[in-house]
Enquirer: 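Here it is: the structure, laid out below.
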There are 2 protein chains.
Amino acid sequence: MARGRSAGYDDQREAILAQAAALFAQQGYTGTSMNAVAAACGVSKPALYHYVRDKQALLVQICEAHVDRLQQLVAAVEAQALPPEAHLRELIVRFVKAYAAAQNEHRVLTEDEKFLSDAERERVREGERRVVSAFARALAAVRPDEDFAALHKPLTMLLFGMINWMFTWLKPDGPISHADMAPVVADLFFGGLQAVRVPTATAESVFPTTP
Amino acid sequence: MARGRSAGYDDQREAILAQAAALFAQQGYTGTSMNAVAAACGVSKPALYHYVRDKQALLVQICEAHVDRLQQLVAAVEAQALPPEAHLRELIVRFVKAYAAAQNEHRVLTEDEKFLSDAERERVREGERRVVSAFARALAAVRPDEDFAALHKPLTMLLFGMINWMFTWLKPDGPISHADMAPVVADLFFGGLQAVRVPTATAESVFPTTP
DNA sequence: CCTACCGATCGGTAGG
DNA sequence: CCTACCGATCGGTAGG
């Protein structure tokens, strides 16, 4: 049998990260004390420090684990090799589901990322950029016309806005579920794509006219 | 001449609220000390407490002033008595403009509202509900068909999601301005409205079938 | 010499 | 409007 940490170590560690994410989501990172984290986990503070190096490590690991899961989700959908619109629609449905299943972690990522150190934040943001790029590529496959390229990133971010903001107003016990909203978001987005035209100023600044 | 506060009192007070909003937006409410606020304002801590009762009062006044401005914006647009689509489009353009002009205050409202006391938070949320209701009414005028009523609030929140999220990714010095994005948001939303259908589950739960 | 913790308290800093 | 502080609590770690 391998020497090292006890059988329950990783389980306890996961439970602590989940509890910390819940507290950070409710009270913010700086508004949550390590005493509160320890109390919520039912362990003493020294015991808490047995599982995590310090408070920053809690934040880093919550953010990185969440972004890693989102990147794996992107890879899983890409492996399906769906046609363009079905591909983007599948990304939307899966992300809404993933966010609903990890609301605390998602809130921490969107609100407390700024408390990471420069190096850590850059690493997390790199993962986020990969996810955004995957959505932008999926959108590019749906609308490949060249003059639309300037809007791939902005429209992707509007799409993320709809999805991210859902978790501030959709109550888990309310009449509408996240699963109900995913197709609404997709229909609104695909329907709207037909109507959007590239603003002149945007096209000019992204593709400056040669003098 | 009236006795009481000196001529510059209100100006200084406004400057303090603006500085506090900037610090809260950057570091969060709980991550910002009153020492930091005083230093940023170039006053001593006791001087700071001459203008604000306590730290909570800073937060309340930033949030209430911002929500009040948004409600005044709604009233100004309603006074124009525009036709349905033009009305909603005008709300979108004006709100994007208002958010761009008060990015710090808007970020504080969306991220630090949870640190208000119960009574204060309820008052601020009441103002937010009025604003959301105004958008939902404007949307109802655009799509008055009865079976669409269940989606007025959800679609309004998706719209707010696009607008609110813009300020996390649109950099003030970037190639695209907020003014550029407002018509894109409006076109996407109005175009998407034609494509959205009411999910069966939603219609049932909002209008339960009589047994 | 390892792990898994405990009760108590460290040096600093928070809001006021 | 300053220096000088308070009660309490912060993140983190000591000895056992």
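So you know, we letter chains A, B, ... as the sequences are listed, proteins then strands, and number each from 1. Keep in mind that the numbers below use all heavy atoms, side chains included, and drop hydrogens, waters and symmetry copies.
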Enquirer: Looking at dG16(C), does its base get a donor-acceptor pair with the side chain of K55(B) below 3.5 Å?
Expert: no
Enquirer: As a test of reading the structure: which of dG15(C), dC5(C), dG11(D) is closest to the side chain of Y49(B), going by heavy atoms?
Expert: dG15(C)
Enquirer: Is N35(B) close enough to dT13(C) that one of its side-chain N or O atoms is under 4.0 Å from OP1 or OP2 there?
Expert: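 So the side-chain polar atoms of N35(B) never come under 4.0 Å of the phosphate oxygens OP1 or OP2 of dT13(C).
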Enquirer: Distance check needed: dG12(C) P versus M34(A) CE, whole Å only.
Expert: 20 Å
Enquirer: Is the shortest side-chain N/O distance from H50(A) to OP1 or OP2 of dA4(C) below 4.0 Å?
Expert: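 It does, given that an N or O in the side chain of H50(A) lies less than 4.0 Å from OP1 or OP2 of dA4(C).
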Enquirer: Just the rounded figure in Å: distance from P of dA4(C) to CG of D10(A).
Expert: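 These atoms are roughly 10 Å apart.
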Enquirer: Rounding to an integer number of Å, can you tell me how far L48(A) CG sits from dG12(D) P?
Expert: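 After rounding, the gap between these two atoms is 10 Å.
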Enquirer: Which heavy atom of E105(A) sits nearest to which heavy atom of A18(A), and what is that distance?
Expert: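 Heavy atoms only, the tightest pair is OE2-CA, 4.3 Å.
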Enquirer: State, to 0.1 Å, how close Q71(A) and R130(A) come at their nearest heavy-atom pair, and which atoms those are.
Expert: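 So the two residues come closest at NE2-CD, 3.0 Å.
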Enquirer: Looking at S44(A), I'd like to know whether one of its side-chain N or O atoms comes within less than 4.0 Å of OP1 or OP2 on dC5(C).
Expert: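 Answer no for this pair, as no side-chain N or O of S44(A) is under 4.0 Å from OP1 or OP2.
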Enquirer: Between dT3(C) atom C1' and R13(A) atom CZ, what is the distance in whole Å?
Expert: 16 Å
Enquirer: On a whole-Å scale, what distance lies between the P atoms belonging to dG16(C) and dA4(D)?
Expert: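 Between the two P atoms, the distance is 22 Å.
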Enquirer: What integer distance in Å separates L59(B):CG from dG15(C):P?
Expert: 13 Å
Enquirer: Please give, in whole Å, the distance from dT3(C) P to Y51(A) OH?
Expert: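 Distance check: Y51(A) OH to dT3(C) P gives 13 Å.
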Enquirer: Quick one, R89(A) with D187(A), criterion salt bridge (charged side-chain N to carboxylate O under 4.0 Å, His left out). Give me CA distance, side-chain angles, the key distance, then yes/no.
Expert: CA-CA 9 Å; R89(A) 193 175 282 268; D187(A) 288 344; 3.1 Å; yes
Enquirer: Ignoring hydrogens, what is the shortest heavy-atom contact between W169(A) and L158(B)? Give both atom names and the distance.
Expert: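 Taking W169(A) first and L158(B) second, the nearest heavy atoms are CZ2-CD2, 4.2 Å.
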Enquirer: Could you give me the CA-CA distance, side-chain angles and deciding distance for R129(B) and R125(B), then say whether side-chain contact (heavy atoms from CB on, under 4.5 Å) is met?
Expert: CA-CA 6 Å; R129(B) 278 191 288 268; R125(B) 291 224 169 126; 4.0 Å; yes
Enquirer: Which is true for T32(A) with a 4.0 Å heavy-atom rule: it touches a base, it touches only sugar-phosphate, or it touches nothing?
Expert: sugar-phosphate
Enquirer: Among dG16(C), dT13(D), dT3(D), which is the nearest nucleotide to the side chain of D54(B)?
Expert: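 Nucleotide nearest to D54(B)'s side chain: dG16(C).
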